[in-house]
Amino acid sequence: MAEEATDVPVWEAGFEGDRALVVARLAFFQRVFPKPPRYRKRFHHQVIELGIEDWSLPVTRRELVPGCTIDISVKLRFQPTVRYARQHTEYLPNLGVHIRESYLTLLLDAVEEELRALENPRWLNEGCDTIERAVETAIHELLALRDIQSRAYCSLQPDLQGLSATAPDAGSANPRYRALSAELLRRQALLAEELDRQRHEQERQERETLMAIEEARLELVEREERIRRRQEELELERLRAQLEAEEMRQAEQRLSDARIREEQIRQEARLRDLELDIDRQEQDRRAQVMEETEGRLTREIELLALERQRLLLEEEIRDIKLSKAKGWIINAKRRFALGKNKDQEGNQDVHPTDSSGYDQE
């Protein structure tokens, strides 16, 4: 057993996860030795694991006195040592079963012996931790003396709720628990007094609570009345403000409508002025276009008249040229005819002219 810095004893079980034995059998020879770290199995070897097993002891619930019961749970974890296994090779590989069958009665007896501490009513004040540790220590020591490593867990859960309905009878209780029964009677009396005091205190608190509730209710009613009146005043103020706001809104609306109408009139006047300006501009433009058109037509007419005069002149010049050409031909013919008749007519000179009155060239 070791102790920590807090002076609380802690049991070191010393379990090993890879603990095993090697059983070497060859003919009539048998040898048992611990499994070495770098073991190589031979054909005549048998490896038996010495595992860690869990065990729950069958400790039943018990009634110490009428109305006071206690639940007992004892669980342990154990592992046989190599020494124990070598001393009990005939039970290999079922050492766990052998340990359970061999030491169950001893363990139950050790547990019962430690549970005698429940006869002393001190645990009612101090709790069951001391008794639980004592049970665990007894199991550790019993198995350690037999070369079995273990770690036990004991839990005691007292149930005293039945005492509120049933009073323990010191005469009918087990003589072992008479001191416990007397202590429970004393505690039950104190509990009854405490419950009675608590009941009176609760009744007083309930009366005070009811009075406080009634006062709070009256205050709440008065507050609600004040709030209601205040809400009515606020509602009236809100309605007045709403009416004033509505009147202001309507006045502003009328003013805005007037401004809008005035602006519309101004816009319409501006539009009429613009339309008149546009009409005047359009009339001026049309007049200008008409003037330009008339001037252009006049110029075109003048040009046409000049062109016609030019054509007439050209035609007249052609006619004159044609007439001249015709006269020249006629004169030539005449000259030719005269040349032939010159001797017949004598030396009389003849000067022919064309029909147009021009002398022949």
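These figures come from a predicted structure and were not determined experimentally.
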Go through the steps for T81 and R19 under the test side chain to side chain contact (heavy atoms under 4.5 Å, CB included), then give the verdict. CA-CA 8 Å; T81 61; R19 183 179 299 172; 4.1 Å; yes

Do Q288 and D284 have side-chain heavy atoms sitting under 4.5 Å apart?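 Sidechains of D284 and Q288: no contact.
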
Hey, are the side chains of V59 and S73 touching, using non-hydrogen atoms and a 4.5 Å cut-off? no

Less than 4.0 Å between a side-chain N and a carboxylate O, is that true for [Y] and [X]?
X    : Y    : value
R226 : E222 : yes
R266 : E263 : yes
R272 : E275 : no
R133 : E136 : yes
R229 : E225 : yes
E219 : R223 : yes
R249 : E246 : yes

Step by step, work out the side chain to side chain contact (heavy atoms under 4.5 Å, CB included) result for R217 and E214. CA-CA 5 Å; R217 188 185 67 80; E214 183 64 20; 2.6 Å; yes

Can you find a side-chain donor-acceptor pair between D277 and Q281 that sits under 3.5 Å?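 Q281 and D277 do not have a side-chain donor-acceptor pair below 3.5 Å.
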
Mind listing the closest non-hydrogen atom pair of R151 and A13 along with its distance?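 Closest approach of R151 to A13, heavy atoms only: NH2-N, 3.5 Å.
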
Search all heavy atoms of Q149 against all heavy atoms of G14 and return the closest pair with its distance.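 Looking at all heavy atoms of both residues, the shortest contact is OE1-O, 3.1 Å.
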
Look up atom [atom1] in [X] and atom [atom2] in [Y], then write down how far apart they are to the nearest 0.5 Å.
X    : Y    : atom1 : atom2 : answer
E215 : E208 : CD    : CD    : 10.5 Å
E247 : E252 : CD    : CD    : 12.0 Å
T89  : L21  : OG1   : CG    : 9.5 Å
Q231 : E233 : CD    : CD    : 11.0 Å
L304 : Q309 : CG    : CD    : 11.5 Å
C128 : Q157 : SG    : CD    : 8.0 Å

Check against side chain to side chain contact (heavy atoms under 4.5 Å, CB included), E294 and L297: CA-CA 5 Å; E294 290 176 357; L297 290 175; 5.5 Å; no

D279 and Q283: CA distance, side-chain angles, deciding distance, side chain to side chain donor-acceptor pair (under 3.5 Å) verdict: CA-CA 6 Å; D279 290 339; Q283 291 176 2; over 6 Å; no

Apply side chain to side chain donor-acceptor pair (under 3.5 Å) to residues Q205 and E201 and explain how you reach the verdict. CA-CA 6 Å; Q205 291 180 356; E201 181 67 19; 3.2 Å; yes

State whether the side chain of Q79 and the backbone N or O of E16 hold a donor-acceptor pair below 3.5 Å, judged by distance alone.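 Yes; at least one donor-acceptor contact below 3.5 Å.
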
Ignoring hydrogens and angles, tell me if any N or O in the side chain of R116 forms a donor-acceptor pair with the backbone of E112 under 3.5 Å.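 Checked: no pair found.
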
Linked, directly or transitively: [X] and [Y] (ILVMFWY side chains, under 4.5 Å):
X    : Y    : value
V97  : L107 : no
L95  : L142 : yes
L104 : Y84  : yes
I70  : L108 : yes
W55  : I148 : yes

Single hit among Y153, W11, F78 for ring pair (Phe, Tyr, Trp, His ring centres under 6.0 Å) with H140: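 Per the ring pair (Phe, Tyr, Trp, His ring centres under 6.0 Å) rule, the option paired with H140 is W11, out of Y153, W11, F78.
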
With sequence neighbours left out, write down each residue that passes side chain to side chain contact (heavy atoms under 4.5 Å, CB included) with L243, or none if nothing qualifies. none

Please determine whether the number of non-hydrogen atoms from other residues, nucleotides or ligands lying under 6.0 Å from atom [atom1] of [X] exceeds 12.
X    : atom1 : answer
R61  : CZ    : yes
R308 : CZ    : no
R77  : CZ    : no

Given C154, which partner from the list L115, V74, T137, L57 fulfils the side chain to side chain contact (heavy atoms under 4.5 Å, CB included) test? V74

Does the side chain to side chain contact (heavy atoms under 4.5 Å, CB included) test come out yes or no for K41 and V22, once each step is laid out? CA-CA 9 Å; K41 187 176 180 181; V22 178; over 6 Å; no

With sequence neighbours excluded, tell me which residues meet side-chain hydrogen bond (donor to acceptor under 3.5 Å, both in side chains) with Q242. R238

N/O donor to acceptor pairs below 3.5 angstrom from side-chain atoms of residues 42-50, sequence neighbours left out:
{"unit_1": "H45", "atom_1": "ND1", "unit_2": "Y39", "atom_2": "OH", "d": "2.8"}
{"unit_1": "Q46", "atom_1": "OE1", "unit_2": "R25", "atom_2": "NH1", "d": "2.8"}

Report the C-alpha distance between E244 and R240 in whole Å, list the side-chain angles of each, state the deciding distance to 0.1 Å, and finish with yes or no for salt bridge (Lys or Arg N to Asp or Glu O under 4.0 Å). CA-CA 6 Å; E244 293 176 358; R240 283 196 294 268; over 6 Å; no

Walk me through it: do H200 and D196 pass the test side chain to side chain donor-acceptor pair (under 3.5 Å)? CA-CA 6 Å; H200 288 300; D196 188 61; 3.2 Å; yes

